[in-house]
Number of protein chains: 2
Amino acid sequence: MAPKSKATITDVARAAGVSTATAGRVLGGYGYTSEDKKEQVLKAAQSLGYRPNALARSLITGKTRTLGVVAGDIQNPFYASVLRGVSNVAEANGFGLLITNSDEAQPKEVHSVELLAQKQVDGLIVTPSDTRKARHLHNLRAMGVPLVLIDRAVAGLMVDRVATDNIAAAEQAVRHLIAAGHRRIGIVAELVDEESGGLESFLARAIAGDPIESETLYPSWQRLLGYIRAHRIEGLPVDPRLTLRAGSYSAQAAQAVVPRVMAAPEAPTALFTTDGTMSEGTMRALAELTLSIPQDVSIICFDDLDWMSFHRPGITTVAQPRLAMGEAAARMLLERIRGEDYPPRTVLMPAELIERGSVARL
Amino acid sequence: MAPKSKATITDVARAAGVSTATAGRVLGGYGYTSEDKKEQVLKAAQSLGYRPNALARSLITGKTRTLGVVAGDIQNPFYASVLRGVSNVAEANGFGLLITNSDEAQPKEVHSVELLAQKQVDGLIVTPSDTRKARHLHNLRAMGVPLVLIDRAVAGLMVDRVATDNIAAAEQAVRHLIAAGHRRIGIVAELVDEESGGLESFLARAIAGDPIESETLYPSWQRLLGYIRAHRIEGLPVDPRLTLRAGSYSAQAAQAVVPRVMAAPEAPTALFTTDGTMSEGTMRALAELTLSIPQDVSIICFDDLDWMSFHRPGITTVAQPRLAMGEAAARMLLERIRGEDYPPRTVLMPAELIERGSVARL
DNA sequence: CTCATATGTGAGAACGTTCTCGCGACTGTA
DNA sequence: TACAGTCGCGAGAACGTTCTCACATATGAG
């Protein structure tokens with residue numbers, strides 16, 4: 001009742017007239033204790049305002065019941081939802097959540113992972129910022145720290161992973177545009193890291209139908225691949241001039257890249273944006289150009305953001321199950337922490353095409 | 001170089017041929033050490049892949065370099081931004097961040113606080129879900145745990161606090177509408193908890209100009225107060241029928257409450273929404289009613305969300321400095337953790353009216 | 001030369017838990 | 001009566017650090 005300062009288990013034991021071992025047993029809920037002593041201890045703990053010190057407990061048990069998460073940016077709706085999903089299952093299992101931002105920069109990511117590892121998290125959920133080199137993540141594995149990747153894979157790192165089926169989702173979206181009669185479809189994509197030989201080479205290979213190792217591609221490149229596949233399937237040519245590469249992960253970059261192509265004679269009749277941030281930049285650009293959706297240009301976005309449903313017209317979009325992704329990742333991580341021993345699993349979650357009013361039939 | 005399994009400071013000491021005390025000194029960066037030994041220890045640590053165990057360190061120092069945050073819902077853009085602000089200064093100071101959601105429900109909040117306290121966070125940032133009863137928070141104070149409140153105050157709890165100057169901000173927004181010629185202005189507000197005597201009584205007192213203890217009011221009530229003050233200042237009557245109370249904190253609730261009044265003969269010519277969630281619900285309702293902004297109805301929102309800038313028309317809004325609020329809160333908390341001893345401070349941050357195109361001049 | 005101060009080192013306690021033993025007291029079965 | 005098994009309890013080690021000592025050895029001032 002009177003939680004003056006911090007009481008330890010020793011204080012409680014003394015007050016209850018038992019040994020620390022017994023006090024520990026009733027307070028920690030392990031081993032045997034008589035009803036008598038249990039009651040005494042509980043009463044003593046109550047009156048001293050005893051609160052167990054998770055640090056000491058963790059030090060000896062080797063378990064912190066804490067998950068670490070390295071997200072790109074909590075502020076981004078994608079990560080915010082994923083985190084909420086992670087948080088839901090963490091909380092349901094009595095786990096705490098240590099969260100950091102990497103801003104998609106590997107040095108920050110390495111720093112975050114180091115911090116979380118020092119704090120002895122039981123497991124880590126990471127959205128790796130570099131899909132090829134990631135020594136820090138390999139190290140974690142070597143040391144036996146459970147690890148789950150979200151949204152992206154890392155070459156050669158065999159761990160559990162959950163992501164959207166980007167290729168299929170993008171393909172579906174673009175085919176939807178083609179089915180509506182669109183023939184000139186622009187894609188606004190981040191495409192930040194050079195994929196072996198740059199964009200031109202990638203496009204050439206993808207258009208030629210060369211096999212491409214798509215697992216470890218960044219999401220925006222996977223979505224570009226889906227865009228190209230849709231064209232191939234529908235027998236449509238891919239015009240490289242319609243590949244609008246923002247070059248960095250910001251709405252500004254997307255916004256900057258749209259106006260040029262819309263003014264050109266080969267202007268697209270429809271746009272496909274590869275994620276929420278690109279969508280935002282594109283919408284901004286379209287608003288500035290005072291182009292009407294879908295009269296002047298149709299649009300399908302990737303990732304269903306709140307405003308897309310009440311925007312006029314409603315924005316047709318490919319919805320990722322963000323919350324479910326976070327939940328799935330956390331659940332897989334908890335399984336690993338419990339010691340379950342499967343081969344590394346990859347969960348590809350399906351995205352859902354939500355039709356609203358931003359696509360005109362030509 | 002070969003981080004097989006976890007090496008302790010004892011292992012490093014043995015490998016370097018020194019005592020654990022010396023190894024601790026060089027690794028922990030305290031006390032004196034010779035260059036010789038320092039080099040040996042560092043080399044040994046390197047080759048063993050030594051990583052300090054923050055748990056053990058914290059147990060003895062009594063400091064975890066971890067901040068706890070109890071937010072309403074990470075997914076909500078308001079909290080997401082605030083958290084990013086907190087995260088920024090935490091990271092800059094080498095602090096970790098333990099984050100939980102309360103969903104604005106006190107039982108969950110109590111549970112979260114307990115979890116974070118057990119994990120021995122150095123300080124806590126909370127958005128209290130109940131502004132009157134909060135024994136758990138009083139207890140924290142009694143035990144000397146640094147605490148900073150965001151967005152709301154708690155009656156009788158004298159701690160540091162950062163919030164938006166809600167009354168002034170709302171007043172400014174509504175006066176802006178009045179200046180544009182609007183006379184019938186609706187307010188869409190959460191107004192979830194009964195304020196001593198309910199909404200009617202509150203309205204009556206506020207309209208009469210009775211002094212109201214506004215510090216511990218929930219934000220939506222403060223914003224309602226600002227709305228009323230604007231009317232008083234401008235000499236306009238307040239029509240209670242234009243107070244649209246959602247009654248719960250969800251877009252659905254807001255959406256549900258708008259249509260009725262827009263159909264009525266006394267329909268408002270302008271709407272003021274008291275936060276992002278209310279804005280979203282209102283926009284949704286307006287879209288369904290196919291009412292045009294600002295032709296059919298003008299709108300000013302509270303809190304600048306991403307879509308408001310590229311929505312057509314652009315949405316005029318009162319922007320809260322969310323990121324800065326989070327940063328300020330974290331900074332204040334760190335000061336307390338460092339032991340600085342001011343009287344409790346309240347930081348009221350000014351909001352900025354951003355004029356775009358959603359307000360018609362009548 | 002002598003004293004005070006700064007520098008360097010190790011032994012061992014401490015932090016607050018859980019864990020491992022050992023021991024005794026019951027129970028039920030043969 | 002004997003014996004195994006369950007139950008109950010305490011002493012003390014352990015977890016991986018930092019902290020407090022005690023004790024060297026230098027260094028510089030008087």
Side-chain angles (χ1 to χ4, degrees), chain A residues 3 5-42 44-45 48-66 94 114-115 117-122 143, chain B residues 3 5-42 44-45 48-66 94 114-115 117-122 143:
Chain A
S5 74
K6 40 204 74 175
T8 75
I9 211 168
T10 316
D11 300 329
V12 174
R14 185 168 25 233
V18 299
S19 70
T20 62
T22 299
R25 273 188 278 261
V26 13
L27 261 14
Y30 53 91
Y32 297 107
T33 35
S34 67
E35 283 305 317
D36 273 13
K37 307 261 174 180
K38 182 176 275 178
E39 199 177 328
Q40 292 172 44
V41 171
L42 253 21
L48 290 177
Y50 170 74
R51 173 148 43 209
N53 183 329
L55 251 38
R57 196 198 311 253
S58 295
L59 183 58
I60 192 164
T61 59
K63 262 86 188 56
T64 52
R65 295 191 79 79
T66 302
E114 182 60 28
L115 179 80
Q118 289 191 5
K119 291 194 186 298
Q120 311 294 123
V121 293
D122 290 338
M143 308 200 53
Chain B
S5 75
K6 39 207 75 174
T8 75
I9 211 168
T10 316
D11 300 329
V12 174
R14 185 170 24 235
V18 299
S19 69
T20 62
T22 300
R25 273 187 280 261
V26 14
L27 262 13
Y30 52 92
Y32 297 106
T33 35
S34 66
E35 282 305 317
D36 274 13
K37 307 261 175 183
K38 182 176 277 180
E39 200 177 327
Q40 293 172 45
V41 170
L42 251 24
L48 289 178
Y50 170 74
R51 173 148 42 209
N53 184 329
L55 251 37
R57 197 198 308 254
S58 295
L59 183 58
I60 192 162
T61 60
K63 261 86 187 61
T64 52
R65 296 191 78 79
T66 303
E114 183 60 30
L115 180 80
Q118 289 192 5
K119 291 194 184 299
Q120 311 294 125
V121 294
D122 290 339
M143 309 201 48

Worksheet item: With respect to the side chain of A/Ala56, which nucleotide from D/dC19, C/dC19, C/dG16 is positioned closest?
Response: C/dG16

Item to complete: Would you mind reading off the distance between B/Leu27 atom CG and D/dT18 atom P, rounded to a whole angstrom?
Response: 8 Å

Fill in: Counterpart residues, side-chain hydrogen bond (donor to acceptor under 3.5 Å, both in side chains), relative to B/Asn53 (two or more places apart)
none

Worksheet, complete the sentence: A/Lys63 NZ to C/dG16 C1', in whole Å, measures 20 Å

Worksheet entry | Rounded distance in Å - CG (A/Leu59) to P (D/dA14) | 14 Å

Pick out the pairs of N or O atoms, protein on one side and nucleotides 4-8 of chain C on the other, that lie under 3.5 Å.
from, atom 1, to, atom 2, distance (Å)
C/dT7, OP2, B/Tyr32, OH, 3.0

Discussion item. Distance check, rounded to the nearest 0.5 Å: B/Leu42 atom CG versus B/Tyr50 atom OH?
Written reply: 11.5 Å

Discussion item. Tell me the closest heavy-atom pair linking A/Ala13 and A/Ala23, and the distance in Å.
Written reply: CB-CB, 3.8 Å

Practice prompt. Determine yes or no for a side-chain-to-main-chain donor-acceptor pair under 3.5 angstrom, with A/Lys37 supplying the side chain and A/Ala16 the backbone.
Written response: no

Worksheet item: For the pair made of CZ in A/Arg51 and C1' in C/dC15, what is the distance, rounded to whole Å?
Response: 18 Å

Discussion item. Minimum heavy-atom separation for B/Val12 and B/Ala44, please, with both atom names.
Written reply: O-CB, 3.8 Å

Worksheet item: Are any of the side-chain heavy atoms of A/Lys119 and A/Thr66 separated by less than 4.5 Å?
Response: no

Discussion item. Looking at every non-hydrogen atom in both residues, tell me the closest pair between B/Thr64 and B/Val121 and how far apart they are.
Written reply: OG1-CA, 3.7 Å

Item to complete: Mind jotting down which residue pairs meet the salt bridge (charged side-chain N to carboxylate O under 4.0 Å, His left out) criterion with at least one end in residues 51-61 of chain B? Sequence neighbours excluded, please.
Response: A/Glu114-B/Arg51

Item to complete: Specify the separation, in whole Å, of atom NZ of A/Lys119 and atom C1' of D/dG16.
Response: 15 Å

Worksheet item: In Å, rounded to the nearest 0.5 Å, how long is the span from CD1 of A/Ile60 to CG of B/Leu55?
Response: 12.0 Å

Discussion item. Any residue in residues 15-25 of chain A with a heavy atom nearer than 4.0 angstrom to DNA chain D? Just list them by number, or reply none.
Written reply: A/Val18, A/Ser19, A/Ala21, A/Thr22, A/Arg25

Item to complete: Please report the shortest heavy-atom distance between B/Asp122 and B/Arg65, naming the atom on each side.
Response: OD2-N, 2.6 Å

Item to complete: Quantify the bending of the helix from C/dC1-D/dG30 to C/dA30-D/dT1 as the angle between its end axes, each fitted on five pairs, to 10°.
Response: 40°

Item to complete: Can you tell me the distance, in whole Å, between the OH atom of A/Tyr50 and the C1' atom of C/dG16?
Response: 8 Å

Item to complete: Can you sort out the partners of B/Thr33 under side-chain contact (heavy atoms from CB on, under 4.5 Å), two or more places apart, ordered by chain and number?
Response: B/Thr22, B/Arg25, B/Val26, B/Lys38

Worksheet item: Atom CG of A/Leu55 and atom C1' of D/dT18: how far apart are they, to the nearest Å?
Response: 13 Å

Worksheet item: Separation of A/Ile60 atom CD1 from C/dG16 atom C1', in whole Å?
Response: 9 Å

Item to complete: Return the nearest nucleotide to the side chain of A/Thr8; candidates are C/dC19, D/dT17, C/dG16.
Response: C/dG16

